[in-house]
Amino acid sequence: MSTSADPLAALAALPGVAESVNAVRNAVDRVYGHRVMRRRSNEVTSEAALRGARGSAALAGADWALEEVRRRTDFGAEGEPRTVGAALRLTAEAGQLLSIWRQSPLRVLARLHLVAAGGVEGDEGVGRPRQSGEPVDEPLIGSDLPLPDADEVAGRLDGLARLLLAGSEAPALVTAAVVHGELLALRPFVSRNGLVARAAERIVLVGSGLDPKSICSAEVGYAELGVAPYMAALEGYASGTPEGMVVWIAHCGRAVELGVRESTAVCEALQRGAA
């Protein structure tokens, strides 16, 4: 990342980033201008939350049909049900943490991991960054992406928190993409890092004012684009090169656009009385 006084703004100035930012803004403006949003925005928000959780779970290895997620209640079993349950809990929790995020992003990340893991404070490895020697269970992120050691994780998490608290002139998409990418690259927790990273991205998009009603579920877009492109773009982020960062930000932007498309379809269905 840039060493300028505002490294997020420096990223926003990279060639190609403005196009992604403008495309996202235009898409978000369109869906917020839909007539259904004036009367039934709460229904759109609820549906976007469900679809976003389904998308995030799919990226974590539990690729269930939307109707399966909608009808199931048994999310305590090991394996895929637990992953889907974690995604649903995180989506519900993210909206409650905006005020805390503005004061202490690291505290929110710890809370998100606690929620995702379904544990309680004091459980081993839950709700705290991993320690030296602790393994990471993140099966969809292969060995091609180096795993930083615990000391590097601690330093970079602290740097990310300071960056967020300092504020930036960068567009919300850029900040959200950096938070998402940094958490995936670091994998700071012993498990559920992808779910936590996507929930944190959602918090940034909502808290920035770009998507205040949380209807533009990027998780839907990531799932639609697929795991392989997601991981290829993440490798671009992890490389730290300007070209790699642009690829990652563009991928995040495209995912938001696809999330907007999904919520637009929900608005259309509500307008027709079909949802």
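Counting only heavy atoms from C-beta outward, the side chains of Y230 and L140 never approach each other to under 4.5 Å. For the pair D74/P81, no side-chain contact is recorded, criterion being any heavy-atom separation below 4.5 Å from C-beta on. Between Y32 and S41 there is no side-chain heavy-atom pair separated by less than 4.5 Å. With a 4.5 Å cut-off on side-chain heavy atoms, Y237 and H180 do not count as touching. Using a 4.5 Å heavy-atom cutoff, the side chains of Q131 and E134 are in contact. Within the 4.5 Å cutoff, the side chain of L173 has heavy atoms near those of the S20 side chain. Using a 4.5 Å heavy-atom threshold, the side chains of V204 and L210 count as separate. Under the 4.5 Å side-chain criterion, counting only non-hydrogen atoms from C-beta, D137 is in contact with P139.
No more than 12 heavy atoms of other residues, nucleotides or ligands lie within 6.0 Å of CZ in R35, so this atom counts as exposed by the packing criterion.
Closest heavy-atom contact between W248 and L234: CE3-N, 3.5 Å. Among all heavy-atom pairs drawn from E219 and G52, the shortest one is CB-O, 3.2 Å. Scanning all heavy atoms of the two residues, the minimum distance from I249 to A177 falls at CG1-CB, 4.0 Å. The two residues V44 and C267 make their nearest non-hydrogen contact at CG2-SG, 3.9 Å. In terms of heavy atoms, L145 sits closest to A185 at CD2-CA, 4.4 Å. When all heavy atoms of V174 and L8 are compared, the pair lying nearest together is CG1-O, 3.6 Å.
When the side chains of ILVMFWY residues are joined at heavy-atom separations under 4.5 Å, either directly or via intervening members, L88 and I203 end up in two distinct hydrophobic clusters. Both L106 and V115 are members of a single hydrophobic cluster when ILVMFWY side chains are connected at heavy-atom separations under 4.5 Å. No continuous path of ILVMFWY side-chain contacts below 4.5 Å connects L66 to V220, so the two sit in separate hydrophobic clusters. V246 and L225 fall into different hydrophobic clusters, where Ile, Leu, Val, Met, Phe, Trp and Tyr side chains are chained together by heavy-atom contacts under 4.5 Å. By the rule that hydrophobic residues join a cluster once side-chain heavy atoms approach within less than 4.5 Å of another member, V190 and V126 end up as members of separate clusters.
Using a 4.0 Å cut-off between a side-chain N of Lys or Arg and a carboxylate O of Asp or Glu, D29 and R25 do not qualify as a salt bridge. One finds no salt bridge joining R72 and E67 here, because no Lys/Arg side-chain nitrogen approaches an Asp/Glu carboxylate oxygen to under 4.0 Å.
For the residue pair Y222 / E201, a side-chain donor-acceptor distance below 3.5 Å is found, with atom types taken as modelled. If you check the side chains of R202 and S214, you find a donor sitting under 3.5 Å from an acceptor.
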> How far apart are the C-alpha atoms of S263 and R51, what are their side-chain angles, what is the distance that settles it, and do they pass the side chain to side chain donor-acceptor pair (under 3.5 Å) test?
Replying inline: CA-CA 9 Å; S263 286; R51 295 179 186 218; over 6 Å; no

> What do the steps show when you test E257 against R261 for salt bridge (charged side-chain N to carboxylate O under 4.0 Å, His left out), and what is the final call?
Replying inline: CA-CA 6 Å; E257 289 182 74; R261 187 179 70 180; over 6 Å; no

> Can you list the steps and then say if R254 with E224 is a salt bridge (charged side-chain N to carboxylate O under 4.0 Å, His left out)?
Replying inline: CA-CA 10 Å; R254 182 58 182 150; E224 183 174 337; over 6 Å; no

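Residue L165 belongs to no hydrophobic cluster, having no ILVMFWY side-chain heavy atom closer than 4.5 Å to its own.
Of the inter-residue distances, the one linking L59 atom CG with M231 atom CE reads 10.0 Å to the nearest 0.5 angstrom. The structure places CG of L183 at 6.0 Å from CG of L160, a figure rounded to the nearest 0.5 Å.
Partner L163 forms a side chain to side chain contact (heavy atoms under 4.5 Å, CB included) with one of S168, P7, P105 and no other, that one being P7.
H113 and F189 have parallel rings, their planes meeting at less than 30° on a 0 to 90° scale where 60° marks the start of perpendicular.
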